[in-house]
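Have a look at the structure below before the remarks.
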Amino acid sequence: MEVTKLSTKGQIVIPEKLRRGYETGASFVVSKVNEMLILKPVTGLSDNEKKELKELNTIWNKIDSGKADKYSEKEFFEAMEKW
């Protein structure tokens, strides 16, 4: 068993001994069961799916930091039509 801490940014460091075998940038599904947090590695993704996950992570980081684009409802749907 290892001990770690939750940062002010909601980050948890996985102790080195436990993260051996995982590459930097590995994706995990996180779930909570009662008081237990469970990490499951995401495997079998195509290169395109990995790219999409990275893009989503970038978007969420922008949202979390308050740097995301802001749209009115009308502007949002107009932008969606262009996509």
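Quick note: numbers below take in every heavy atom, side chains included, and nothing from hydrogens, waters or symmetry partners. When a residue number appears, it is its place in the shown sequence, counting from 1. Small disclaimer: the values here were computed from a predicted structure and weren't measured.
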Rounded at 0.5 Å granularity, tell me how far [atom1] in [X] sits from [atom2] in [Y].
X	Y	atom1	atom2	answer
Asp64	Lys62	CG	NZ	13.0 Å
Asn48	Lys50	CG	NZ	11.5 Å
Ile12	Leu39	CD1	CG	8.0 Å
Lys40	Ser31	NZ	OG	6.5 Å

(message) Does atom CD (Glu73) have a neighbourhood of more than 12 heavy atoms from anything else shown, all under 6.0 Å?
(response) no
(message) For a side-chain contact (heavy atoms from CB on, under 4.5 Å) check, start with the C-alpha distance between Arg19 and Val13, then their side-chain angles and the critical distance, and finish with the verdict.
(response) CA-CA 9 Å; Arg19 66 177 187 255; Val13 173; 4.1 Å; yes
(request) Look only at the side chain of Thr4 and the backbone of Ile14, and say whether a donor-acceptor pair between them is shorter than 3.5 Å. (result) no
(message) For Ile63 versus Ala68, what's the shortest heavy-atom pair and its separation?
(response)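 Reported closest heavy-atom pair: CG1-CB, 3.8 Å.
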(request) Identify the heavy atoms of Pro15 and Val3 that sit nearest to each other, and give their distance. (result)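 Nearest heavy atoms, Pro15 then Val3: CG-O, 4.4 Å.
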(message) Quick check: is Met36 connected to Val30 through a chain of hydrophobic side chains (ILVMFWY, heavy atoms under 4.5 Å apart)?
(response)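 The answer is no; the residues belong to distinct hydrophobic clusters.
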(request) Scan residues 18-66 for pairs that pass ring-ring contact (aromatic ring centres under 6.0 Å, His included), counting only residues two or more places apart or in two chains. (result) Tyr22-Phe28
(request) Determine whether Glu78 and Lys82 make a side-chain contact, defined as any pair of heavy atoms from C-beta on separated by less than 4.5 Å. (result) no
(request) Could you list the residues that satisfy side-chain hydrogen bond (donor to acceptor under 3.5 Å, both in side chains) with Lys17, not counting sequence neighbours? (result)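 Here the qualifying residues are Glu2.
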